[in-house]
Amino acid sequence: MPFTLATWNINSVRLREALVLRLLEEEAPDILCLQECKSPVEKIPVEGFERLGYRWRVAQGQKDYNGVAILSKRPMEEAGAVDHAALGHARHVAGRLEDGTVIHNFYVPAGGDVPNREMNVKFGQKLDYLRDMRDAFHAEAPARSILVGDLNIAPREDDVWSHKQLLKVVSHTPVEVAALAETQDSGAWVDITRQDIPEGPLYSWWSYRSPDWDAADKGRRLDHVWATPDIANAAHSSRVLRHVRGWEKPSDHAPVLATFDL
DNA sequence: ATGCCCTCGCACCGAGGA
């Protein structure tokens, strides 16, 4: 049975519960992966989600930062949660559907301001996190798997508003792009969004600091949908819901969707 | 770095986001 999956960095699931409900009502994805829930698991407001049919849920959380959750209309069991780079952060959770499809939901560290690990501990943590992701997929090749989330890297030149101006800006530096490529290669992950939308600028995040984000359009594609080669050809209809960035009191990220005929 | 916003908590600033 085909299913549609969405990934969205929500920037506080408690503050934006109403926006999550609106997305679930308007788009009705079968599965919604959230990042930056900024909530302990027990404080995630789940009643409304369950009322809309999202009866299954896996999540990892902590008090103030990070936090990831997967809401599903289909039966789903937890398939692990790893703390890459031993940061003690809730940045990953995985779920398994009844047909065996595994869904990884990741929130990769942002990496701070200075793209140099000698000068900026957070940048080193970001690279270490990607290294551990790479090693995990190298140790056990993923199959029938989907990986989504806020990977905090815009890899392609047309994934940012200005390649030249962002070369030294964390999220688009060559060292990060290379690290992400190694992680992607280690699992033979296919970039589903770019498989479906191969040409042209495509962004999923616009800074809160830009007064007119829509007109300025200084965005970056930080949010990704990947799949293993055995199911990549089942994916289609990828979309970035740019208009959601314009909702009242929005997240700074837009949802990214894909449909899988599995 | 284009501009200076948004969220959280032992809160009314500081840290983290990207």
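Protein chains get the first letters and strands the later ones, always in sequence-line order, with residue 1 at the start of each.
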Asks: Using the C1' atom as the reference point in each nucleotide, state the distance between B:dG9 and B:dC4 in Å, no decimals.
Replies: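 Nearest-Å result for B:dG9 against B:dC4 at atom C1': 22 Å.
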Asks: Assign the ring pair A:Phe137 / A:Trp189 to parallel, tilted or perpendicular, where the plane angle (0 to 90°) is split at 30° and 60°.
Replies: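 If you compare the ring of A:Phe137 with that of A:Trp189, the planes turn out perpendicular.
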Asks: Look at the side chain of A:Arg134 and the backbone N and O of A:Asp185, then say whether any donor-acceptor pair between them is shorter than 3.5 Å.
Replies: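 Pair absent, no side-chain N/O of A:Arg134 close to backbone of A:Asp185.
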Asks: For A:Lys168, which contact category applies under a 4.0 Å heavy-atom criterion: base, sugar-phosphate, or nothing?
Replies: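 No contact.
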Asks: When we call it a touch if two heavy atoms are under 4.0 Å apart, what does A:Trp205 touch: a base, just sugar-phosphate, or nothing?
Replies: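 Since only primed, P, OP1 and OP2 atoms lie under 4.0 Å of A:Trp205, the category is sugar-phosphate.
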Asks: Students often get this wrong, so: under 4.0 angstrom with heavy atoms, is A:Arg221 touching a base, only sugar-phosphate, or nothing?
Replies: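 A:Arg221: no heavy atom of the nucleic acid under 4.0 Å.
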Asks: What distance, rounded to whole Å, do you find between the two P atoms, one in B:dC10 and one in B:dA15?
Replies: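 Straight-line distance between the two P atoms is 15 Å.
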Asks: Return whichever of A:Lys122 or A:Val169 has its heavy-atom-nearest nucleotide of DNA chain B closer to the 5' end.
Replies: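 In this pair, the answer is A:Val169.
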Asks: B:dC12 and B:dT7: how far apart are their C1' atoms, nearest whole angstrom?
Replies: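 The answer is 15 Å between these two C1' atoms.
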Asks: Which residues, ordered by chain and number, are linked to A:Leu222 in its hydrophobic cluster, where ILVMFWY side chains connect at heavy-atom gaps below 4.5 Å, directly or through other members?
Replies: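 A:Trp205, which link up through side-chain heavy atoms under 4.5 Å apart, make up the rest of the cluster.
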Asks: Just to be sure I understand the rule, does A:Asn9 reach a base, reach only the sugar-phosphate, or reach nothing, if contact means heavy atoms closer than 4.0 Å?
Replies: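 Touches sugar-phosphate only.
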Asks: Given the C1' atoms of B:dC5 and B:dA18, what is the spacing between them in whole Å?
Replies: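 Their C1' atoms lie roughly 12 Å apart.
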Asks: Would you mind classifying the nucleic acid contact of A:Asp212 as base, sugar-phosphate or nothing, using non-hydrogen atoms under 4.0 angstrom?
Replies: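 Nothing, no heavy atom under 4.0 Å.
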Asks: Under a criterion of less than 4.0 angstrom to any heavy atom of chain A, what are the 5'-terminal and 3'-terminal contacting nucleotides of DNA chain B?
Replies: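 First-to-last contact on DNA chain B, by the 4.0 Å heavy-atom rule, is B:dA1 to B:dA18.
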Asks: Of the non-hydrogen atoms in A:Val20 and A:Trp8, which two are nearest, and what is the gap between them?
Replies: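 Taking A:Val20 first and A:Trp8 second, the nearest heavy atoms are CA-CZ3, 3.9 Å.
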Asks: Using a 4.0 Å heavy-atom cut-off across all strands, classify A:Leu222 as base, sugar-phosphate, or nothing.
Replies: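 Sugar-phosphate only.
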Asks: Which is true for A:His172 with a 4.0 Å heavy-atom rule: it touches a base, it touches only sugar-phosphate, or it touches nothing?
Replies: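 No contact at all - A:His172 keeps every heavy atom at 4.0 Å or more from the nucleic acid.
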Asks: Determine the contact category for A:Phe123: base if any of its heavy atoms lies under 4.0 Å from a base atom, sugar-phosphate if only primed atoms, P, OP1 or OP2 are that close, otherwise nothing.
Replies: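 The residue A:Phe123 makes no contact with any strand.
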Asks: Verify, without hydrogens or angle tests, whether A:His224 (side chain) and A:Ile153 (backbone) share a donor-acceptor contact under 3.5 angstrom.
Replies: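 Confirmed, A:His224 side chain pairs with A:Ile153 backbone.
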Asks: Show me the side-chain donor-acceptor pairs of residues 45-53 of chain A shorter than 3.5 Å, one per line, residues at least two apart or across chains.
Replies:
residue	atom	partner	partner atom	Å
A:Glu50	OE2	A:Arg57	NH1	3.1
A:Glu50	OE2	A:Arg57	NH2	3.3

Asks: When rounded to the nearest Å, what value does the distance between C1' atoms of B:dG16 and B:dA11 take?
Replies: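 Going atom to atom, C1' in each nucleotide, I get 15 Å.
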Asks: Taking atom P in both B:dG3 and B:dC13, compute the distance separating them and give it to the nearest angstrom.
Replies: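 It works out to 28 Å between them.
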Asks: Yes or no on side-chain contact (heavy atoms from CB on, under 4.5 Å) for A:Val169 and A:Arg220, after CA distance, side-chain angles and deciding distance?
Replies: CA-CA 11 Å; A:Val169 175; A:Arg220 307 175 200 172; 4.0 Å; yes
Asks: State whether the side chain of A:Arg16 and the backbone N or O of A:Asn11 hold a donor-acceptor pair below 3.5 Å, judged by distance alone.
Replies: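 Present.
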Asks: At under 4.0 Å between heavy atoms, what does A:Ser12 touch on the DNA or RNA strands: base, sugar-phosphate, or nothing?
Replies: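 The residue A:Ser12 makes sugar-phosphate contact but no base contact.
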Asks: Touch check for A:Asp252, heavy atoms < 4.0 angstrom, all strands: base, sugar-phosphate only, or nothing?
Replies: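 A:Asp252: no heavy atom of the nucleic acid under 4.0 Å.
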Asks: Toward the 5' end of DNA chain B, which comes first, A:Asn11 or A:Pro109, by nearest nucleotide?
Replies: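 Counting from the 5' end, the first nearest nucleotide belongs to A:Asn11.
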